[in-house]
There are 2 protein chains.
Amino acid sequence: MEKIRRTKVSDLLKSETFGTIVNARGWVRSRRGSKKVNFVALNDGSTINNLQIVVDVESFDEEIIKKITTGSCISVNGELVASQGKGQSAELQAKDIVILGEADNTYPLQKKGHTMEFLREIAHLRPRTNTFGAVFRIRHNMAMAVHDFFHKKGFYYFNAPLITSSDCEGAGEMFQVTTMNLYDLKKNEDGTINYDYDFFGKQAALTVSGQLEAELAAMSMGACYTFGPTFRAENSNTPRHLAEFWMIEPEMAFVEIDENMDLAEEFVKHCLKWALDNCMEDISFLNKMFDKELIERIHFVLEHDFKRLTYTEGVKILEEAVAKGHKFEYPVFWGADLASEHERYLVEDHFKRPVILTDYPKEIKSFYMKQNDDDKTVRAMDILFPKIGEIIGGSQREENLEKLEKRAKEMEVPTKDIWWYLDTRRYGTAPHSGFGLGFERLLLFVTGMTNIRDVIPFPRTPNNCEF
Amino acid sequence: MEKIRRTKVSDLLKSETFGTIVNARGWVRSRRGSKKVNFVALNDGSTINNLQIVVDVESFDEEIIKKITTGSCISVNGELVASQGKGQSAELQAKDIVILGEADNTYPLQKKGHTMEFLREIAHLRPRTNTFGAVFRIRHNMAMAVHDFFHKKGFYYFNAPLITSSDCEGAGEMFQVTTMNLYDLKKNEDGTINYDYDFFGKQAALTVSGQLEAELAAMSMGACYTFGPTFRAENSNTPRHLAEFWMIEPEMAFVEIDENMDLAEEFVKHCLKWALDNCMEDISFLNKMFDKELIERIHFVLEHDFKRLTYTEGVKILEEAVAKGHKFEYPVFWGADLASEHERYLVEDHFKRPVILTDYPKEIKSFYMKQNDDDKTVRAMDILFPKIGEIIGGSQREENLEKLEKRAKEMEVPTKDIWWYLDTRRYGTAPHSGFGLGFERLLLFVTGMTNIRDVIPFPRTPNNCEF
């Protein structure tokens, strides 16, 4: 076969240089047609759209034609011609075909209509489907939107460590990290494990958040953000939980709660606008196949100022709703951690726009949040979205060393493990704020997927660590 | 104090709106001067340069002046005036000063000239120094250069899992990840640990490479790259090893070794050019303070085509050098894994430009590399740089299922754990290639730092997991 430089399917479909000879390579989605003419749908991952290859059957060796099966990989030289089919601009009139890789009838993606559960079992192949090609192209684009936003605003990308010897939240079940031989654990005289023999000389675990380290960066470089994996060893088999997920955690010196809210709102809108600007073909597909209100919902967020009110005001509205007969599964009262149903009521039914709740009861928030003068609430802010509820959680941080230490003690956070964190308040403290966004939570919103396992390439959940 | 919106120091220094009142906030690097006038060097992390604050001592409360100590954090309203000092454009004539956070004389960064070892012990504060501010701003910019390069080329950012049940290299010491109670390990009848009781229902570990998963992505989406943390539990206390480091691993379908080399060369040059275009102030500082040849070395790489030759040719050159009397610490012979001194000899002494060595002996390379017809070598490519030796390692991948399985068996790679990887060759295989770049290795080259612990915020090494 003549060596012609490959052109991506996405570029060929946009091309109008009809009559030229080009080379396309990709995986066969389907082959159909008559004894005389075959139509091959070819996809190379560059777009959700397939390139139609028109094959004049009689011009090719029978053996070649037979091997053009679903899942096989082929290289085609052919003439780019204007498509006769509706909705397509260009197609390829095949001149020469080479089978790069065959796929026999054991190929698991033979036909369409597999369940999402089955596709999770073949997570190594599911990016070859329309759905997961779309989801992972969107995932890529959302990551680019994140970096673009913060870079242009002068934030520094800061890599918090994954292996840590401190637990940020003072709670959260963690994965232990060890190189010790579990068959021969060395013990101290009192029977405890002697971690002198472990890699780090002390007990280590996977981080649940990079925020504390991000605060260190903010208190020296001004503004920074993390974007990396974090871990929770919760035994939660739900469509909303992953043991390994990606977090985005910006942190800014000299920023108080109002500016923090401004930034968070601007940030999430930037990401959604990026999705509409760069992923419309993929989003349209998902809108059609999975969630008929997906595009509408993205616009809904983009087109409204987020309503800001306090937790206390929010609870009052919910209590009034209950009084008027609205039924919630979980009880509503001041001090309660709001459930997704409550958050969605505020957003979807009451305000009909995204909501930012502030000033939560200190008992249900972390020790590092700035305490209000009422001694009851902290300067937290949660952004609530339609369909998914909380998408961003953040706060102004407590910059006063004494107050921070006192609150840490009350909440039984082991302060000796975070002496370095307390140093930021000891030396040149300043008001500062930040927030966290679960990347997969954002992706659920942008893709319309309903299970968080379907927006990350290889989900880690209880009893599931394949690939 | 009047509330004026803060302007970053980097913007103030570039500003020429002299006579306007502005607000600056940051950390005091030093205060000097007479009883009448004090000069405060203020830094907020936005640039390596300090803003000079001119303080008319008599106009301020004595208590305020006393608290303007090294490490304290202040907010200053003042008039922007043209600087009288050389090399500076703007300075601030203070009108009003608020102490945001004090720093007493226990602040560890009192004066300059700390050792790098000491600064590692206070890694939570070292970004407040000129050196580490520069290093971490460069780190940020190199990350942006990576994403910019691949995004514009149509690669998808792909997140390989961190927790894995397979070992990519078939070797490499790994960190075990577990939620089991080490005091009460459940055993099987044969005395082995019963991993049914562990979180994932099987033994799990931290990944040493995302390459295998990246190949899955390439064989469905065309071209992708990972950029995330990877882990090695090697007990190596050297300036070149970290237990936790960041890797960039692009992988491309339909790409063979030559195009792979083209891309790798273009990629690394893109990053270096980005550094010169965006980080010149920081690089100039590091050039002056640490490595007088830093800028020259970056230009050296940018201005030369990389010399491409085979490993066999390279070894011949090294053997000739030995014959002529050149002394190496380690022996040179065909089949040997080249040491850094050999790589540097080829780059710095022989060719006087960066080198790409190809076609390495199969015994010293991984099982997944494409086997050459000589049955002795594989289609590997290593890029060698001045000063640091190997910076990139890559290869064309073996796309033939039988050959891949045979080689895996020979190298004792447990193929049952990577059934999913072999599926890419079983269903629609195609030629494909990729490479890996250790992000911190690149940073060593761009910053001139000599210890890898100084280019990552919180280094993880044996017995070191603080912060």
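None of these values were measured; they are calculated from a predicted model. Every chain is numbered from 1, with letters handed out A, B, ... down the list of sequences.
Classification of the Phe458(A)-Phe158(B) ring pair by plane angle, with boundaries at 30° and 60°, yields perpendicular. Relative ring orientation between Phe254(B) and Trp27(A) is described as tilted, the plane-to-plane angle lying within the 30° to 60° band.
If you measure heavy-atom distances from Phe132(B) to chain A, you find no contacts under 4.5 Å at all. Looking at Glu259(B), only its side chain comes within 4.5 Å of chain A, counting heavy atoms on both sides. Contacts of Ala223(B) with chain A are absent, with no heavy-atom separation under 4.5 Å from either backbone or side chain. If you measure heavy-atom distances from Arg25(A) to chain B, the contacts under 4.5 Å come from both the backbone and the side chain. If you measure heavy-atom distances from Leu206(B) to chain A, the contacts under 4.5 Å come from the side chain alone. Heavy atoms of Pro459(B) lying under 4.5 Å from chain A are absent altogether. Only the side chain of Tyr225(A) comes within contact range of chain B, judged by heavy atoms closer than 4.5 Å. Contact of Tyr197(B) with chain A is not made at all, since no heavy-atom distance falls under 4.5 Å. Of the atoms belonging to Ile163(B), heavy atoms from both backbone and side chain fall under 4.5 Å from chain A. With a threshold of 4.5 angstrom between heavy atoms, Thr192(B) approaches chain A through its backbone and through its side chain. In this structure, the portion of Asn141(B) lying under 4.5 Å from any heavy atom of chain A is its side chain and not its backbone. Proximity to chain B is limited to the backbone of Ala160(A), based on heavy atoms less than 4.5 angstrom apart. Both the backbone and the side chain of Asn463(B) come within contact range of chain A, each with at least one heavy atom under 4.5 Å from a heavy atom of that chain. For Gln203(B), no part sits under 4.5 Å from any heavy atom of chain A, backbone or side chain.
Put simply, of Pro457(B), Ser46(B), Ala243(B), Gly428(B), the one with the most heavy-atom pairs under 4.5 Å next to chain A is Gly428(B). Highest contact tally toward chain B, considering only Ser72(A), Gly222(A), Ala233(A), Ala217(A), is held by Ala233(A) [criterion: heavy-atom pairs under 4.5 Å]. Put simply, of Asp44(A), Asn159(A), Ile193(A), Thr179(A), the one with the most heavy-atom pairs under 4.5 Å next to chain B is Asn159(A). Chosen from Glu399(B), Met219(B), Arg6(B), Lys187(B), the residue pairing most often with chain A at heavy-atom distances under 4.5 Å is Met219(B). Between chain B and the options Cys224(A), Cys73(A), Ser220(A), Pro462(A), the largest number of non-hydrogen pairs under 4.5 Å is found for Ser220(A). Comparing Pro127(A), Pro108(A), Gly201(A), Ala430(A) by how many heavy-atom pairs each has under 4.5 Å with chain B, the most go to Pro127(A). Across Ala253(A), Pro229(A), Ala143(A), Ser10(A), the residue that shares the most heavy-atom pairs under 4.5 angstrom with chain B is Pro229(A). For the set Arg126(A), Lys8(A), Glu102(A), Met144(A), the count of heavy-atom pairs under 4.5 angstrom toward chain B peaks at Met144(A). No other option in Tyr421(B), Phe231(B), Tyr195(B) has as many heavy-atom pairs under 4.5 Å with chain A as Phe231(B).
A donor-acceptor pair under 3.5 Å is absent between the side-chain atoms of Thr429(A) and the main chain of Gly101(B), judged by distance alone. Looking at Arg426(B), its side chain never comes within 3.5 Å of a backbone N or O of Ala103(A) through a donor-acceptor pair. Looking only at distances, no side-chain donor or acceptor of Tyr157(A) sits under 3.5 Å from a matching main-chain atom of Met142(B). The closest donor-acceptor contact from the side chain of Tyr156(B) to the backbone of Arg139(A) lies at 3.5 Å or more, if one exists at all. Under a 3.5 Å cut-off, the side chain of Thr178(A) and the backbone N or O of Gln176(B) do not form any donor-acceptor pair. At distances below 3.5 Å, not a single donor-acceptor pair connects side-chain atoms of Arg460(B) with backbone N or O atoms of Phe200(A). Using modelled atom types, no side-chain atom of Trp420(B) and backbone atom of Ile122(A) make a donor-acceptor pair closer than 3.5 Å.
Leu100(A) approaches Pro431(B) most closely through the heavy-atom pair CD2-CD, 4.3 Å. Nearest heavy atom pair, residue Leu216(B) against residue His124(A), reads CD1-CB, 3.5 Å. Listed here is the closest heavy atom pair of Leu185(A) and Leu182(B): CD1-O, 3.6 Å.
Note on Glu466(A) versus Lys202(B): salt bridge recorded, some NZ/NE/NH1/NH2 to OD/OE distance being below 4.0 Å.
If you take CZ on Phe199(A) and CG on Asn464(B), they are separated by 9.5 Å, rounding to the nearest 0.5 Å. Remark: Phe175(A) CZ to Leu162(B) CG distance equals 11.5 Å, nearest 0.5 Å. Phe136(B) contributes atom CZ, which lies 7.5 Å from atom CE of Met221(A) (distance to the nearest 0.5 angstrom).
With no hydrogens or angles considered, a side-chain donor-acceptor pair links Tyr427(A) and Thr106(B) at under 3.5 Å. Using modelled atom types and a 3.5 Å distance limit, the side chains of His151(A) and His140(B) yield a donor-acceptor pair.
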